[in-house]
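Input: a single structure, listed below in structure tokens.
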Amino acid sequence: MLEPFNTPTEYFFLTKRQHLETLDTEYFEALYTTKIDPWNFRDSTYEQSKYKRSIKALKGDCYRNCLELGCSIGIQTAMLSQISDQVLAIDISMTAINEAKASCSNLDNIEFKVADITKDFPAGMFDLITCCEIGYYLNPMDLSVLFKNIDEHLSPDGKLLLVHWTPFVPEYPLSGDEVHDNFAEKAKMLGGYEELSNERHDLYR
Ligand SMILES: C[S@@+](CC[C@H](N)C(=O)[O-])C[C@H]1O[C@@H](n2cnc3c(N)ncnc32)[C@H](O)[C@@H]1O
């Protein structure tokens, strides 16, 4: 730890963000048309262990209406469908939604919808809303609007699940910690929220 202080010069390397604006449909369509499982959700041990911990954080509760924001190809959706009467799963990418429909075709309590959460937040009230690995694709203004929408559509006894990749990604407008801190600050301002669980792991929180 002391090594940098024992040399005459100390160097800092800063990486600049490539995007400051919310990433759009074209960005995600290009990812999914190049590779249908761009983050390796199906096979990665990181993803599987993250999903397990996320479901565990929900403490075995069951939900009436779950809203999954950014459902991708439906891997976590299938798990949410096991603990919910009904799941509405939305994603900006039509290619991802088509794949999700195919992979969850045996599950009859899921509705999949193509929608941009910054422009077309679903109507209705939900007792579970999941916002996993999606907030950092938005700019700070869109993230604030997202939180307002989540707050308005989360039922009084509802739970909000937030999961974020924490390492810096130059392509993303925000980092996972920035997203989490923004949500935590707004929840404090609004009141009525209680933190039920808070975990930080090597690559996500
Ligand atoms: C990294 S994946 C996360 C998938 C899943 N939530 C998970 O945690 O495993 C992010 C997903 O969010 C979707 N997404 C990004 N911006 C969105 C937006 N504005 N509206 C809806 N979906 C969006 C992407 O298409 C992508 O499928």
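Order of appearance sets the numbers: ligands from 1, and atoms from 1 within every ligand. The structure displayed is predicted, hence computed values, not measured ones.
Ser72 and Asp91 get closest at one heavy-atom pair: N-OD2, 2.8 Å. Nearest heavy-atom pair across Ala89 and Thr77 is CB-CG2, 3.6 Å.
Proximity to Asp116 (heavy-atom distance under 4.0 Å) selects the following atoms of ligand 1: 18 (C), 19 (N), 20 (N). In summary, the atoms of ligand 1 found under 4.0 Å from a heavy atom of Cys132, numbered by their order in the structure, are 3 (C), 5 (C), 6 (N), 8 (O). Residue Ile134 has at least one heavy-atom neighbour below 4.0 Å for each of these atoms of ligand 1: 12 (O), 14 (N), 17 (C), 22 (N), 23 (C). Close approach of ligand 1 to Ile92 (heavy-atom distance below 4.0 Å) involves ligand atoms 14 (N), 17 (C), 18 (C), 19 (N), 20 (N), 21 (C), 22 (N), 23 (C), 25 (O). Of all the atoms in ligand 1, the ones that sit under 4.0 Å from a non-hydrogen atom of Phe41 are 1 (C), 2 (S), 3 (C), 4 (C), 9 (O). Which parts of ligand 1 touch Tyr32 is read off a 4.0 Å heavy-atom cut-off, strictly below it: atoms 25 (O), 26 (C), 27 (O). Ligand-side atoms of ligand 1 in range of Lys50: 8 (O), 9 (O), range being under 4.0 angstrom from any heavy atom.
Side-chain contact of Asn65 with Gln86: a donor-acceptor pair under 3.5 Å is absent, judged by distance alone.
No donor-acceptor pair closer than 3.5 Å links the side chain of Glu185 to the backbone N or O of Asn182. Side chain of Asp37 to backbone of Arg42: a donor-acceptor contact under 3.5 angstrom is found. When atom types are taken as modelled, the side chain of Ser93 and the backbone of Tyr32 share no donor-acceptor pair closer than 3.5 angstrom.
Polar contact check, Asp91 against ligand 1: a nitrogen or oxygen pair lies under 3.5 Å apart. Annotation: Glu133 places no N or O atom under 3.5 Å from an N or O atom of ligand 1; distance criterion only. For ligand 1, the polar-atom distance check against Ile90 finds no nitrogen or oxygen pair separated by under 3.5 Å.
Given atom 4 (C) of ligand 1, the protein heavy atom at minimum distance is Gly70 O, 3.3 Å. Among protein heavy atoms, the minimum distance from atom 16 (N) of ligand 1 is reached at Phe28 CE1, 3.5 Å.
Considering only non-hydrogen atoms, atom 7 (C) of ligand 1 lies nearest to Tyr51 out of Tyr137, Trp39, Tyr51, Tyr136.
The shell of residues lying under 4.0 angstrom from ligand 1, judged by heavy atoms, excludes Ser54.
Using a cut-off of 4.0 Å between Lys/Arg side-chain N and Asp/Glu carboxylate O, Glu199 and Arg205 are scored as not salt-bridged.
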